[in-house]
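A short write-up of the structure that comes next.
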Amino acid sequence: MPAFQTSPGMRDILPPDSARWRRFVDVFAGIVGPAGYGLVIPPLLEDAGVFQRVGEATEVVTKQMYRFTDLGGRDVALRPELTASICRAFAEHRPAVPWKVWCAGPQFRYEKPQRGRLRQFEQVDVEVLGVDDPHVDVEVIALGWRFFQALGLRRVELALNTLGQPDDRRRYVEALRDHFEAHLDALTEEGRQTLTRNPLRVLDSKRSGDADVIAAAPAMTDHLSDAAADHFATVRAGVDALGIPYRIEPRLVRGLDYYLRTTFEYLGGTLDSAQNALGGGGRYDGLVEALGGPATPGVGFAVGVDRTLIACDDEGVFSTPAVGVDVFVVDTTGGAEALVITEELRQAGRSADRAFDGRSMKSQMKAADRSGADVAVIIGPDELAAETAVVRPLRVHGDGTPDQAVVPRAKLVHHLIQHHSLRSPAPLASEDE
RNA sequence: GUGGGCGUAGCUCAGCUCGGUUAGAGCGCCAGGUUGUGGCCCUGGAGGUCGGGGGUUCAAGUCCCCUCGCUCACCCCA
């Protein structure tokens, strides 16, 4: 066993998986960028008060924060979510509205790790601040949907609900409290504890013992004001107009307490555990104000990278991109020539690698094969003396050994670019799938 | 926070039931077969405090206790 390993719930992401992660974020940026969203990069560490406004009854902030006093005596926390940070940034800098931004990065919650749930977890996220129009709800919902499609996922389900205006929500919570308190004996012990913190959250219980009381609970739709009902109707009509399938999920409440009006979740079609929510979001019109900014409507969503990649694995889509270089240089004369040739190729915008430590030709050819290169350049004593290089194709399909060519050393890079279809200089951005 | 399963080579795992020479396999890695040519094949090699600590025993990878870690589920959440 190594002397050190990653802390629980943390992990290293190594090649080649790391390339997949990076591409995941690239795909997301490719969806939201053209829709007018700009990247915002808030700090990972904030005043703990920023997150406390997320909700006193939310376990995420009451029990799960990495919170500590820094050397200057500040009460700080590693961010347990992105939305609060982005709203704080808005309140602090007061950008012009609408403020359409996206974000990607790690968040931290002190939980017991399991499949699809880590203590450091990555999300990609969009937020729109300063727009009340229900059509922006639709835009945001559609962006998430298109993102899952772009990854190749076909079995994601969209669930929609509304929690009403603040007054509606308040009245509904009271109605729920009355209902559950009248049937306390039908609730599990855990359900009763949730009830004292937040009656809304009881609806989110996955305990079978609570199922009957929840099924009999009053519905939000009976407590909606006309304005909230209109807003939601427009959202639904917009999602319909875009041809995005969804279902109304009256029991859908979100984990954070700031949500009101539109809420939604994207559910993975193959993960059937409690971790089947790939992402979700909704409106949080009061959050900026709670953080000391002007009254500002807001809507957004976040997608969990881990869970979504698990869903991709289950559906067999969005595979790890092949890594490799264009050219592998084999040099049995000491390696100095390989040093120069790889440099020339890289300067010319082509990727190139080589072996070190003066290995045998056989060993270097093996390395060339493993490197994924399409072509090997071979420099031996003869080539060095004659100022030539052997160019050997490695990836010719069919039978027989491919022909190798001897080219003048001075024309080597030119020859490779002319006669071999080398990959683009930025393989990560390529659309090779 | 609660409960189940599992920790043996870089990786995936046998071996543990019923304690007994030097702890194995496949893959990967290194080298050789081919003194200038990868993939396939053959041969050889390196690599292990059997997660850690304690106990029982003449003897522990194997039995017992503790502990750490991983994992799955609950809770909660993305």
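Residue numbers start from 1 in every chain, and the chains themselves are labelled A, B, ... in the order their sequence lines are given, proteins ahead of strands. Computed over heavy atoms, backbone and side chain alike; hydrogens, waters and symmetry mates excluded.
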Take the protein atom [atom1] of [X] and the nucleotide atom [atom2] of [N], then report the distance between them rounded to whole Å.
| X | N | atom1 | atom2 | answer |
| --- | --- | --- | --- | --- |
| A:Asp369 | B:rC29 | CG | P | 10 Å |
| A:Phe108 | B:rA78 | CZ | C1' | 15 Å |
| A:Phe328 | B:rG39 | CZ | P | 14 Å |

Contact class for A:Gly279 (heavy atom, under 4.0 Å): base, sugar-phosphate, or nothing? sugar-phosphate
Sort me out a list of protein N/O and nucleotides 34-36 of chain B N/O pairs below 3.5 Å, or just none if empty.
| residue | atom | partner | partner atom | Å |
| --- | --- | --- | --- | --- |
| B:rG36 | O6 | A:Asp382 | N | 3.0 |
| B:rG36 | O6 | A:Asp382 | OD1 | 3.2 |
| B:rG36 | O6 | A:Asp382 | OD2 | 2.5 |
| B:rG36 | O6 | A:Glu383 | OE1 | 3.4 |
| B:rG36 | N1 | A:Glu383 | OE1 | 2.6 |
| B:rG36 | N1 | A:Glu383 | OE2 | 2.9 |
| B:rG36 | N2 | A:Glu383 | OE1 | 3.4 |
| B:rG36 | N2 | A:Glu383 | OE2 | 3.0 |

Ion pair [X]/[Y], N-O distance below 4.0 Å:
| X | Y | answer |
| --- | --- | --- |
| A:Glu337 | A:Arg354 | no |
| A:Asp17 | A:Arg22 | no |
| A:Arg155 | A:Glu315 | no |
| A:Arg247 | A:Glu157 | yes |
| A:Arg261 | A:Asp285 | yes |
| A:Asp313 | A:Arg115 | no |

inquiry  = Just checking A:Tyr266 against A:Phe301, ring centres under 6.0 Å apart?
reply    = yes
**A:Phe147/A:Phe24 aromatic ring centres below 6.0 Å** = yes
Return the nearest nucleotide to the side chain of [X]; candidates are [options].
| X | options | value |
| --- | --- | --- |
| A:Gln64 | B:rG38, B:rC76, B:rA78 | B:rC76 |
| A:Arg359 | B:rU37, B:rA78, B:rC30 | B:rC30 |
| A:Arg115 | B:rC72, B:rG32, B:rA78 | B:rC72 |
| A:Leu394 | B:rA78, B:rC30, B:rG38 | B:rG38 |

Do any N or O atoms of the protein come closer than 3.5 Å to N or O atoms of nucleotides 1-3 of chain B, and which pairs are they?
| residue | atom | partner | partner atom | Å |
| --- | --- | --- | --- | --- |
| B:rU2 | O4 | A:Lys112 | NZ | 3.3 |

By the Watson-Crick or G-U definition, both distances under 3.5 Å, B:rC74 is matched with B:rG1
message: Work out how far the C1' atom of B:rG4 is from that of B:rG10, and round it to whole angstrom.
response: 30 Å
Legend entry - Donor on one side chain, acceptor on other, A:Asp353 and A:Ser371, under 3.5 Å: no
